[in-house]
Amino acid sequence: MGEQIIALTDLRNTSDVPAIPANQPPPSGLLADALGRPLRDLRISVTDRCNFRCSYCMPKEVFDKDYTFLPHNALLSFEEITRVAGLFVQHGVSKIRLTGGEPLLRKNLEVLVGMLSVMRTPDGIPLDITLTTNGSVLARKAEALKAAGLKRVTVSLDALDDAIFQRMNDVGFPVADVLGGIDAALQAGLGPVKVNMVVKRGTNEHEIVPMARHFRDRYGPAVILRFIEFMDVGATNGWRMDDVLSSAEVRRRIHDVWPVQPLDPNAPGETAERWRYQDGRGEIGFISSVTQAFCHDCNRARLSTEGKLFTCLFASRGHDLRPLLRGGTSDTNLAAAIAGVWSLRGDRYSELRGAGVPLSQGDERRVEMHYIGG
Ligand code: SAM
């Protein structure tokens with residue numbers, strides 16, 4: 001296949017325990033980073049394991065039978081996750097996305113959903129709790145997740161053609177089972193369902209129009225297909241700019257068949273640009289972090305499986321909250337530590353890369369996406 005797979009340097013130990021700043025004001029929900037960006041969205045990776053080996057995310061050559069995943073006692077417990085999430089909510093987070101790895105591999109995930117769903121923002125508003133999944137066990141889990149308080153799901157699916165999809169997930173997983181998961185989610189009331197398709201030039205680009213046709217014709221506005229540019233996350237997926245098919249090109253191919261027009265964002269800091277079919281058959285989205293960086297209003301923090309806080313998807317270093325969580329630190333001090341990290345945040349990796357600024361990371365590699373959560 002000619003793909004270059006880079007051996008993994010284990011970055012999971014590369015982190016600092018954040019200091020607890022003196023004189024930190026109590027959370028006001030108005031926390032802003034060094035570039036004035038608020039904190040609104042928390043992505044929580046609940047497991048670093050996945051049952052797929054997508055070449056662009058967890059290539060089999062690296063994540064093989066010899067790869068050591070985190071031991072169970074390293075993972076944050078549901079109680080620890082809920083405690084940290086509550087502090088983030090006090091700082092302004094109103095949306096939580098559970099991810100991974102494959103989040104539905106974490107046993108009894110619906111229990112965590114239930115614990116998070118009783119939380120309220122300081123204004124008394126329920127949180128927007130969502131989940132990103134490869135859909136492999138969604139058909140079995142959809143009802144319980146909905147009953148526990150999950151609002152919506154995003155399902156990843158890169159092709160409708162079984163041969164292409166199975167080559168991309170690299171474990172021979174069939175398309176039909178993912179489609180069954182999408183149907184089950186809709187039936188359970190977890191819609192509209194977003195479907196994420198990572199587009200790789202020369203790999204699944206011929207699936208763009210068939211995917212659009214399938215979802216618009218069968219579901220209309222109940223499913224929103226989003227095209228994601230292949231990103232240079234992590235250090236193992238052999239990313240090359242030549243493999244990126246820009247969102248502009250994807251949109252052109254769709255527009256040639258079904259004309260589309262732009263829509264306003266639903267909320268500031270949204271990752272996907274929204275477009276609608278002019279014939280009223282629903283909406284599609286484009287996530288263009290390579291060709292159109294959206295760092296300027298990025299309001300997302302990521303909590304890794306074992307409690308490291310990452311302030312950018314492309315970071316190489318996390319801030320380890322677990323020693324504080326397990327070391328008797330009070331909520332007040334933990335909230336202050338989180339505020340200290342966020343208020344110093346100046347990350348804008350994709351913008352700098354897009355502007356051609358050299359991004360030397362010393363000998364540190366970017367952390368893997370399955371570990372900090374997509
Ligand atoms: N296992 C879950 C899933 O498959 O949706 C959640 C984790 S996965 C890391 C989250 C999302 O990241 C998926 O939609 C996946 O396709 C996307 N993703 C992973 N690596 C990527 C890359 N290099 N470029 C673009 N998207 C990527």
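Please read all numbers here as calculations on a predicted model, not as lab measurements. Whatever order the structure lists ligands and atoms in, that order sets their numbers, starting from 1.
- The nearest protein atom to atom 21 (C) of ligand 1, hydrogens excluded, is given as Y56 CD1, 3.5 Å; this is a heavy-atom distance.
- For R152 and D128, the salt-bridge test passes: some basic side-chain N is under 4.0 Å from an acidic carboxylate O.
- Using a 4.0 Å cut-off to heavy atoms of G100, the atoms of ligand 1 that qualify are 7 (C), 9 (C).
- Side-chain contact check for M115 versus E79: some heavy-atom pair is nearer than 4.5 Å.
- Counting heavy atoms closer than 4.0 Å to ligand 1, residue N134 contributes atoms from both its backbone and its side chain.
- Looking at atom 18 (N) of ligand 1, its nearest protein heavy atom turns out to be M369 CE, 3.6 Å.
- The contact set between ligand 1 and V233, taken as ligand atoms under 4.0 Å from a residue heavy atom, comprises 22 (C), 23 (N).
- The protein heavy-atom contact nearest to atom 24 (N) of ligand 1 is M231 N, 2.9 Å.
- Electrostatic pairing of R83 and E80 does not count as a salt bridge here, judged by no charged N lying under 4.0 Å from a carboxylate O.
- Each of the atoms 25 (C), 26 (N) of ligand 1 lies under 4.0 Å from some heavy atom of I228.
- In terms of modelled atom types and a separation under 3.5 Å, the side chain of S117 and the main chain of A148 share a donor-acceptor contact.
- Listed by number with element, the atoms of ligand 1 under 4.0 angstrom from any heavy atom of E229 are 24 (N), 25 (C).
- Using a distance-only test at 3.5 Å, with no hydrogens or angles considered, no donor-acceptor pair links the side chain of E229 to the main chain of M231.
- Within ligand 1, the atoms closer than 4.0 Å to a non-hydrogen atom of S156 are 3 (C), 4 (O), 5 (O), 13 (C), 14 (O), numbered from 1 in the order shown.
- Between W258 and V209, the closest side-chain pair of non-hydrogen atoms falls below 4.5 Å.
- Between G101 and ligand 1, a contact under 3.5 Å exists for at least one N or O pair.
- Among N196, V198, L225, L179, the one residue that satisfies the side-chain contact (heavy atoms from CB on, under 4.5 Å) test with L157 is L179.
- Note: no N/O pair closer than 3.5 Å links T99 and ligand 1 by distance alone.
- When N51, D177, N169 are each tested for a side chain to side chain donor-acceptor pair (under 3.5 Å) with S136, only one passes: N51.
- Considering V195, V290, V198 only, the shortest heavy-atom separation from atom 26 (N) of ligand 1 involves V198.
- Contacts between D158 and ligand 1, counted as non-hydrogen atom pairs separated by less than 4.0 Å, are absent for every part of the residue.
- With hydrogens and angles ignored, the 3.5 Å screen pairs no side-chain donor or acceptor of R226 with any backbone N or O of I287.
- Within ligand 1, the atoms closer than 4.0 Å to a non-hydrogen atom of N237 are 23 (N), numbered from 1 in the order shown.
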